[in-house]
Each structure stands twice: as C-alpha cells, then as structure tokens.
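Naming: A, B, ... by sequence-line order, numbering from 1 per chain.
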Number of protein chains: 2
Amino acid sequence: MKPEPADAIATALDQLRSRGERITDARRAVIETLAHLGDHPSAEQLSTSVQETHPSVHRATIYRTLDTLTALGVATHVHVSGGASAYHLASSTHRDHLHASCLACGRIVDLPGDLLDPVVSRLSNEGLFLLDPSMVALAGTCEDCLAVRAPS
Amino acid sequence: MKPEPADAIATALDQLRSRGERITDARRAVIETLAHLGDHPSAEQLSTSVQETHPSVHRATIYRTLDTLTALGVATHVHVSGGASAYHLASSTHRDHLHASCLACGRIVDLPGDLLDPVVSRLSNEGLFLLDPSMVALAGTCEDCLAVRAPS
DNA sequence: CTGCTTGCAAAGTGTTTGCAGGCCC
DNA sequence: GGGCCTGCAAACACTTTGCAAGCAG
C-alpha cells in the first residue's frame with residue numbers, strides 16, 4: 001500500500017517547482033530522507049539521517065527547509081507533547097490522518113482523520129472554540145504498549 | 001464563581017501536608033502565585049511572577065516544585081504545541097476540564113472535560129489507542145479571536 | 001538530627017537568527 | 001547576475017542536573 005518513495009519525492013519536488021521554489025541539494029536531501037524514512041521523525045532525527053547521506057547539509061538548513069515545506073503544505077508537522085516536532089511528507093496516501101504520541105514508547109501513531117469531527121462540531125455549535133484537528137497532539141498509549149502492559 | 005485564592009492555597013497546602021511533603025517558603029510561594037494568577041502560566045512566567053514577591057526563590061526550584069506538585073496531583077500541566085508547558089492548581093472547581101491553546105492569541109482556554117469521551121470510546125473499541133484526554137493539547141482558535149477575524 | 005529541599009551554576013535539548021558567500025533559475 | 005538558499009556560529013527559550021548548604025519535621 002505504501003507508495004514508492006520515488007513517487008512521493010517526485011510529487012514533493014513538483015510541488016516546490018510549481019510554487020516557484022528552488023530545488024537545491026539540501027531540499028532534495030530533506031525530501032528524500034523524509035520519503036525513505038516513511039516515519040514521523042523529529043527535525044533533529046531527520047537532521048541526523050540527512051547527514052549520513054549528505055554530510056554537507058547543515059542542521060539549521062534542515063529546520064529552515066522543514067519550515068518552508070510546511071508553509072507550502074508539502075510537509076506537515078505535529079508538535080508532540082513536550083518533545084520535538086514530528087514531520088512527514090503530506091503525500092496523498094497519508095493525507096488527513098491525525099497523530100497521537102505514545103507516552104510509553106514515544107512513537108507517533110496515525111489515527112483516523114475523522115476522529116475529531118464530532119468534537120469540532122460540538123465546540124463549533126456551542127460557540128466555544130474552533131478546533132483545528134491537524135494541530136492537535138493526541139497522547140496516550142499505543143496498542144503495542146497496551147499489549148505489553150495488559151497481556152490477555 | 002472563582003473560589004477565593006485563599007481556599008485553593010489552603011487546599012493545596014493541606015494536600016502537601018497529608019502526603020507528608022514539606023511546606024517550604026518556595027512551595028508556598030509557587031502555590032500562592034498559581035492561585036492568585038488563576039490563569040495557565042508557563043513555568044517561566046510563573047517563575048517571573050514568583051520572583052516579584054519572593055526574589056530568593058530560584059527558577060530551578062520552581063521547575064522542581066511544579067514537578068512535585070504535578071506528581072502529587074496538586075497541580076496539572078498541559079504541554080502546549082511547541083511552547084512552554086502551562087500549569088494550574090488542580091482545585092476542585094477547575095477539575096477535569098481540558099485545555100486548548102489558541103493559535104492566534106496564544107492563550108490557554110478551558111473546555112468541557114467530557115469533550116473527548118466519545119473519542120476515547122471509539123479508539124478503545126477499535127483497539128487502536130488508549131487516549132489520555134488529560135495529556136491532549138487541543139489547538140485552534142478561541143472565541144475571542146474568532147470574533148475578531150470574522151465580524152458579523 | 002536526618003535527609004528532603006533549595007540555590008547556584010552549568011549543561012542539555014530543540015530551535016532560531018544574522019551574516020557572508022554560493023547557487024538556482 | 002539577482003536574489004533566494006546555505007553554511008556557520010552564536011544566541012535563544014525552556015528545562016534538567018550535580019553539588020553543597022539549609023531548613024522542615
């Protein structure tokens with residue numbers, strides 16, 4: 001089900017090009033690494049990974065690139081409770097899912113994108129708050145860690 | 001509607017005493033300041049406030065005290081997207097509400113405590129995740145900022 | 001007294017910024 | 001070539017830690 005990383009990379013680069021952004025080695029490196037990791041790395045982790053293949057790319061550039069990619073909608077990030085932000089490409093197959101960080105193992109897991117729709121409606125109806133699900137950092141325990149803690 | 005800060009302070013101190021924790025000037029200062037601010041200050045803001053009335057209390061102590069208070073359940077904290085954690089006393093009148101940070105003004109607003117119950121159930125039923133609502137940092141736009149952005 | 005707490009200073013994360021030079025288009 | 005991007009280093013915000021002295025119980 002996972003798309004070829006190559007597809008995701010090409011898509012991302014196209015998005016950059018069509019926005020008139022420049023394609024540089026650093027940006028290519030960030031996008032390629034994001035695509036190949038496929039995970040939800042933090043900027044710091046990503047920085048480490050990128051430097052394995054492209055040692056000349058500076059950390060600060062990674063941060064700036066992620067900023068740019070996020071601003072363009074090519075990538076998204078979740079601010080994880082008390083930790084570093086997690087990034088991933090906004091490829092079409094991953095679209096519109098939510099993120100939750102497991103307090104036990106620290107991983108970011110994907111959850112259904114419509115999960116918070118009822119909550120958004122309720123808050124909206126009651127005039128309390130305009131909730132932006134994509135900005136929400138859910139937290140709790142993932143199924144793997146649940147299995148460990150509470151074996152049947 | 002707000003309880004006298006004095007009540008909240010007394011309650012908090014009692015909780016400390018009954019847990020066998022020591023009552024020190026620093027702890028009293030933190031609790032008093034939390035009670036009087038009534039808001040959801042960050043550790044850093046709290047530190048600043050405390051030092052206005054108790055200049056001898058060190059920042060590091062504030063962090064340690066907040067840690068202790070949180071561990072005891074006397075205070076709670078929300079990890080706010082990309083920023084500092086926000087703290088407040090877990091006084092009975094405030095109990096069990098959720099927090100959302102406004103992306104426009106940065107404030108922390110309180111939302112109904114049962115807001116995420118359906119979400120918790122759904123995730124639990126589907127065996128996906130054990131969501132801990134108290135650890136969730138909601139985000140979006142608060143009603144005040146909505147009013148500004150979208151005047152009738 | 002005993003040992004939990006504090007003050008202080010320093011280190012540790014995660015991230016941002018100013019600047020000069022470099023490369024994309 | 002013009003100006004966006006980058007590398008570098010330093011600063012920044014927030015938080016944690018080791019240690020010796022101090023105070024609560």
*asked:* Regarding B:Ser56, tell me which of base, sugar-phosphate or nothing describes its non-hydrogen contacts under 4.0 Å with the strands shown.
replied: sugar-phosphate
*asked:* Please classify the nucleic acid contact of B:Ser42 as base, sugar-phosphate, or nothing, using heavy-atom distances under 4.0 Å.
replied: nothing
Test your reading of the model: is there a side-chain donor-acceptor pair from [X] to the backbone of [Y], 3.5 Å cut-off?
X        : Y        : value
B:His54  : B:Val50  : no
A:Ser124 : A:Val120 : no
B:Thr11  : B:Asp7   : yes
A:Thr33  : A:Ala29  : yes

*Would you call the rings of B:His77 and B:Tyr87 parallel, tilted or perpendicular if under 30° counts as parallel and over 60° as perpendicular?*
parallel
Between [X] ([atom1]) and [N] ([atom2]), how many Å, whole number?
X       : N      : atom1 : atom2 : answer
A:Gln51 : D:dG7  : CD    : C1'   : 11 Å
A:Arg59 : D:dC8  : CZ    : P     : 11 Å
A:Ile31 : D:dC5  : CD1   : C1'   : 14 Å
A:His58 : C:dT17 : NE2   : P     : 15 Å
B:His54 : C:dT6  : NE2   : C1'   : 15 Å

Is it true that [X] and [Y] fall in one hydrophobic cluster, defined by side-chain heavy atoms closer than 4.5 Å?
X        : Y        : result
A:Leu66  : A:Leu37  : yes
B:Val136 : A:Leu128 : yes
A:Leu138 : A:Met135 : no

*Can you tell which of C:dT17, D:dT17, C:dT15 lies closest to the side chain of A:Ala60?*
C:dT17
*Pairing of B:Arg17 and B:Asp14 as salt bridge, 4.0 angstrom limit*: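 Result for this pair is yes, salt bridge flagged.
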*Considering only heavy atoms, which members of residues 62-70 of chain A lie under 4.0 Å from some atom of DNA chain C?*
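Residues of residues 62-70 of chain A under 4.0 Å from DNA chain C: A:Tyr63, A:Arg64.
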*Members of residues 16-27 of chain A that approach DNA chain C, where some heavy atom sits under 4.0 Å away*: A:Arg22, A:Ile23
